[in-house]
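For reference, the structure discussed in these notes is given below.
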There are 2 protein chains.
Amino acid sequence: MDPIDELNENLVEFFDRMSSWEQSVIQQGKLNVAGAHAIEKLGQFGSMSMKDLSKALGVTTGTTTITVDRLENGGYAVRERADNDRRSYIIRLTEKGNDAYLDHHRHHLSFAKEIASFLTDEEIECFTAVLEKINREI
Amino acid sequence: MDPIDELNENLVEFFDRMSSWEQSVIQQGKLNVAGAHAIEKLGQFGSMSMKDLSKALGVTTGTTTITVDRLENGGYAVRERADNDRRSYIIRLTEKGNDAYLDHHRHHLSFAKEIASFLTDEEIECFTAVLEKINREI
DNA sequence: ACACATAGTTTGAATATCAAACAATATATA
DNA sequence: TATATATTGTTTGATATTCAAACTATGTGT
């Protein structure tokens with residue numbers, strides 16, 4: 001079989017499984033999908049403006065307004081006035097929001113741990129190195 | 001840095017990039033997200049009942065009714081009576097539906113090809129082998 | 001027969017998302 | 001400085017997605 005075909009098949013299946021996994025993790029929590037994604041971005045990249053958050057999430061600013069409204073109501077995040085631009089807000093995770101992020105992060109980590117559990121050290125190293133290369137190049 | 005942390009970071013980033021890629025590919029086509037996913041499942045696993053399709057997609061049968069209605073209206077799929085159970089339908093891709101599947105498949109293939117283009121043969125082999133192992137074990 | 005289970009559809013409500021209009025503020029240009 | 005233009009975020013109105021629950025038709029077991 002063509003190595004590319006083989007790579008593709010395994011890639012598609014892996015992506016599919018990871019999607020299901022991610023969705024089930026989100027559904028276990030109290031946040032809706034949009035809120036969970038927003039918290040993940042804010043946790044990963046730190047506080048940012050509505051515009052940058054919209055861009056990171058791949059949605060319009062109107063949609064982000066709703067998402068952040070809900071996060072604020074739930075006590076997960078706050079809007080803070082930007083110092084330099086009075087039109088702009090910086091969205092910051094509260095302690096509760098950060099806890100939610102860390103919880104999600106722990107889930108990811110245990111997923112990675114599970115994967116690593118049935119790989120040899122050499123395989124882990126190779127797999128990580130290739131992923132890093134792909135992330136850099138794509 | 002802990003190898004697990006490193007694996008996790010790269011995994012999360014890779015998944016994120018692949019999600020964006022998948023979404024942009026779907027948006028280039030004429031199908032909505034649900035329809036595109038349904039066609040992918042039907043193309044991959046072959047014709048199946050509404051119930052099995054719902055399960056494969058991770059949605060309720062009510063949602064799948066809408067999705068398949070639209071695929072049928074667009075000429076991508078047909079409902080066929082199941083031989084053994086008159087309550088049940090088998091959803092089958094039409095030629096147009098199969099073309100759409102093949103087109104999507106080609107996109108995936110060119111994605112895999114792009115990835116492979118900056119990996120060595122050895123890296124491709126290792127990466128594929130690890131993915132296969134993960135898919136088998138998870 | 002009869003009750004119960006299952007496949008799929010319909011319905012009504014909740015949620016998500018967008019594009020466009022809008023208000024407030026910033027920036028560039030005359 | 002004044003004025004036009006651009007940008008940030010919100011609001012609005014419309015459309016799309018999805019679900020749970022009720023429903024129809026059919027199957028299964030007692």
Report, one pair per line, the protein and nucleotides 2-5 of chain D atoms (nitrogen or oxygen only) whose separation is under 3.5 Å.
none

Less than 3.5 Å apart, which donor and acceptor atoms pair up between the side chains of residues 22-29 of chain B and the rest of the protein, not counting sequence neighbours?
residue: B:Glu22; atom: OE1; partner: B:His108; partner atom: NE2; Å: 3.4
residue: B:Glu22; atom: OE2; partner: B:His104; partner atom: NE2; Å: 3.3
residue: B:Ser24; atom: OG; partner: B:Trp21; partner atom: O; Å: 3.0

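- Side-chain nitrogen and oxygen atoms of A:Ser88 include none within less than 4.0 Å of the OP1 or OP2 phosphate oxygen of D:dT8.
- The stretch residues 30-56 of chain A comes close to DNA chain C through A:Asn32, A:Ala34, each having a heavy atom under 4.0 Å from the strand.
- For A:Tyr89, counting side-chain heavy atoms from C-beta on, the closest listed nucleotide (D:dT10, C:dT9, C:dG8) is D:dT10.
- Hydrophobic cluster of A:Leu71: the remaining members, joined at side-chain heavy-atom separations below 4.5 Å, are A:Leu31, A:Ile39, A:Leu42, A:Phe45, A:Met48, A:Met50, A:Leu53, A:Leu57, A:Val59, A:Val68, A:Tyr76, A:Tyr89, A:Ile91, A:Leu93, A:Tyr101, A:Leu102, listed by chain and number.
- Taking A:His37 as the reference, nothing meets the ring pair (Phe, Tyr, Trp, His ring centres under 6.0 Å) condition, with sequence neighbours excluded.
- Other residues sharing the hydrophobic cluster of A:Val12, ordered by chain and number and joined by side-chain separations under 4.5 Å: none, the residue standing alone.
- B:Leu71 has its CG atom 15 Å from the P atom of C:dG8, to the nearest Å.
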**Under 4.0 Å protein heavy-atom contacts per nucleotide of nucleotides 19-30 of chain D, with B for base, S for backbone only and - for none** = BS----BBS---
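- Under the 4.5 angstrom side-chain criterion for Ile, Leu, Val, Met, Phe, Trp and Tyr, A:Ile90 has no cluster partners at all.
- Judged as a side-chain contact (heavy atoms from CB on, under 4.5 Å), and not counting sequence neighbours, the contacts of A:Asp2 are A:Ile4, A:Asp5.
- Listed by chain and number, the residues in a salt bridge (Lys or Arg N to Asp or Glu O under 4.0 Å) with A:Arg87 are A:Asp85 (sequence neighbours excluded).
- Listed by chain and residue number, nothing satisfies the side chain to side chain donor-acceptor pair (under 3.5 Å) test with B:Asp99 (two or more places apart in sequence, or in another chain).
- The side chain of A:Arg79 places an N or O atom within less than 4.0 Å of a non-bridging phosphate oxygen (OP1 or OP2) of D:dT10.
- The ring pair (Phe, Tyr, Trp, His ring centres under 6.0 Å) check on B:Phe15 picks up A:Phe15, with sequence neighbours excluded.
- Counting heavy atoms from C-beta outward, B:Arg92 and B:Arg79 have side chains that stay 4.5 Å or more apart.
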